[in-house]
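Some notes on the structure that comes next.
Atoms within each ligand, like the ligands themselves, are counted from 1 in listed order. Every heavy atom of this structure was used, including side-chain atoms; hydrogens, water molecules and symmetry mates were not.
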Amino acid sequence: MRCVYPGSFDPITNGHLDVIHRAASLFEEVIVAVANNDQKQPLFTVEERLALIREVVAPLSNVSFMGFDGLLVNFVRSQNAQVVVRGLRAVSDFEFEFQMGLMNRKLDPKVETIFLMPKEEYSYLSSRIIKEIGRLGGALENFVPAPVVGALQEKLRGGREIK
Ligand code: ADP
């Protein structure tokens with residue numbers, strides 16, 4: 001069975017990677033899908049986010065990655081996938097994820113959403129907090145894969161404001 005793990009991945013963190021590993025051991029194929037249409041004013045372009053994901057998932061032979069626009073259920077159908085994987089960190093994720101999952105079911109009843117919990121040590125990680133730590137000069141090595149540390153530092157060195 002093929003699943004899609006959608007998100008902003010701005011940038012990918014160890015928490016995302018933990019979920020990808022879990023999904024890769026459960027499903028024959030995992031497609032990490034980077035949303036192109038979000039209103040979140042991302043720090044990294046979709047191409048940059050995909051390049052980071054490419055480096056990080058290279059050892060996982062059943063994981064691929066691509067950008068997508070528009071409705072998630074349409075993308076899932078276009079990839080002949082049946083399942084959407086989302087990560088659940090804390091109760092605070094629940095309400096939003098519940099609403100999205102039920103709406104996606106309404107839009108396409110054949111698409112099932114499943115939730116995977118990361119290791120507890122990653123449950124407090126988010127791309128937003130990583131960018132904040134980076135902006136304030138904190139060490140990032142324990143929270144994001146090595147290529148992401150470099151990419152964040154490069155954005156900082158470039159004098160670009162981290163959102
Ligand atoms: P979105 O903008 O869709 O929330 P994110 O990149 O922030 O995209 O997250 C993508 C998915 O990964 C979401 O299901 C989110 O809950 C999950 N996720 C994010 N960070 C973590 C983490 N540290 N541990 C587990 N799941 C996570």
Side-chain angles (χ1 to χ4, degrees), residues 2-27 29-57 60 63-76 79 81-105 107-108 111-135 138-149 151-152 155 162-163:
R2 184 179 285 167
C3 72
V4 170
Y5 178 34
S8 309
F9 303 101
D10 185 41
I12 187 167
T13 70
N14 288 345
H16 292 129
L17 197 54
D18 179 283
V19 170
I20 292 170
H21 276 274
R22 286 171 203 283
S25 68
L26 288 170
F27 292 92
E29 286 178 55
V30 180
I31 301 170
V32 180
V34 178
N36 201 7
N37 58 345
D38 62 28
Q39 306 295 309
K40 293 184 176 175
Q41 294 196 298
L43 175 65
F44 292 96
T45 65
V46 171
E47 289 69 29
E48 289 168 335
R49 285 179 264 161
L50 286 168
L52 291 172
I53 291 169
R54 172 199 296 276
E55 282 194 61
V56 170
V57 305
L60 299 170
V63 177
S64 59
F65 44 85
M66 60 185 88
F68 77 101
D69 289 300
L71 275 183
L72 175 62
V73 289
N74 290 348
F75 175 75
V76 171
Q79 298 303 312
Q82 298 80 22
V83 174
V84 171
V85 167
R86 295 284 288 176
L88 264 193
R89 286 163 289 192
V91 183
S92 50
D93 278 341
F94 178 78
E95 196 171 328
F96 177 68
E97 295 294 339
F98 185 67
Q99 183 182 24
M100 285 242 300
L102 288 181
M103 179 51 86
N104 283 332
R105 175 181 287 167
L107 293 169
D108 188 339
V111 173
E112 201 65 67
T113 302
I114 69 161
F115 298 97
L116 297 176
M117 290 171 293
K119 261 190 194 157
E120 296 104 280
E121 64 193 273
Y122 300 136
S123 63
Y124 56 89
L125 277 185
S126 68
S127 299
R128 190 195 56 77
I129 207 163
I130 292 305
K131 286 178 276 192
E132 187 72 7
I133 294 169
R135 191 174 63 80
L140 295 167
E141 284 74 9
N142 294 329
F143 311 127
V144 294
V148 177
V149 176
L152 274 166
K155 285 271 182 197
I162 294 217
K163 290 165 198 129

Side chain to side chain, S127 and H16, heavy atoms closer than 4.5 Å: yes
From atom 15 (C) of ligand 1, work out which of G87, A35, A33, G15 has a heavy atom at the shortest distance. G87
Hey, are the side chains of R86 and F96 touching, using non-hydrogen atoms and a 4.5 Å cut-off? yes
Going by the closest heavy atom to atom 21 (C) of ligand 1, which one wins out of R89, R128, R49, R22? R89
Do I12 and F65 have side chains that get closer than 4.5 Å, going by heavy atoms? no
With a cut-off of 6.0 Å (strictly less than), are more than 12 heavy atoms of other residues, nucleotides or ligands near OH of Y124? yes
Would you mind listing which atoms of ligand 1 come within a distance below 4.0 Å of any non-hydrogen atom of F9? 6 (O)
So, is S123 polar-close to ligand 1, with some N/O to N/O distance under 3.5 Å? no
Below 3.5 angstrom, do we get any N/O pair linking S127 and ligand 1? no
Are any of the N/O atoms in S8 less than 3.5 Å from those in ligand 1? yes
Could you check if a side-chain atom of L52 sits within less than 4.5 angstrom of a side-chain atom of V148, using non-hydrogen atoms only? yes
Counting heavy atoms under 4.0 Å, the part of P6 that contacts ligand 1 is backbone
Geometry only, no angles: is P118 polar-contacting ligand 1 at N/O separations under 3.5 Å? no
Is it the side chain, the backbone, both or neither of M117 that has a heavy atom closer than 4.0 Å to ligand 1? neither
Is the shortest heavy-atom distance from the side chain of K119 to the side chain of R22 under 4.5 Å? yes
Partner of K155 by side-chain contact (heavy atoms from CB on, under 4.5 Å), out of E48, K131, R135: E48
May I ask you to decide if the ring planes of F9 and Y5 are parallel, tilted or perpendicular, using 30° and 60° as cut-offs? perpendicular
Enumerate the atoms of ligand 1 whose separation from the nearest heavy atom of V19 is less than 4.0 angstrom. 25 (C), 26 (N)
Should the proximity of Y124 to ligand 1, defined as any heavy atom under 4.0 Å, be assigned to the side chain, the backbone, both, or neither? neither
Could you tell me whether some N/O pair between L125 and ligand 1 is separated by less than 3.5 angstrom? yes
N/O separation below 3.5 Å, D10 to ligand 1: no
Verify, without hydrogens or angle tests, whether D10 (side chain) and L43 (backbone) share a donor-acceptor contact under 3.5 angstrom. yes
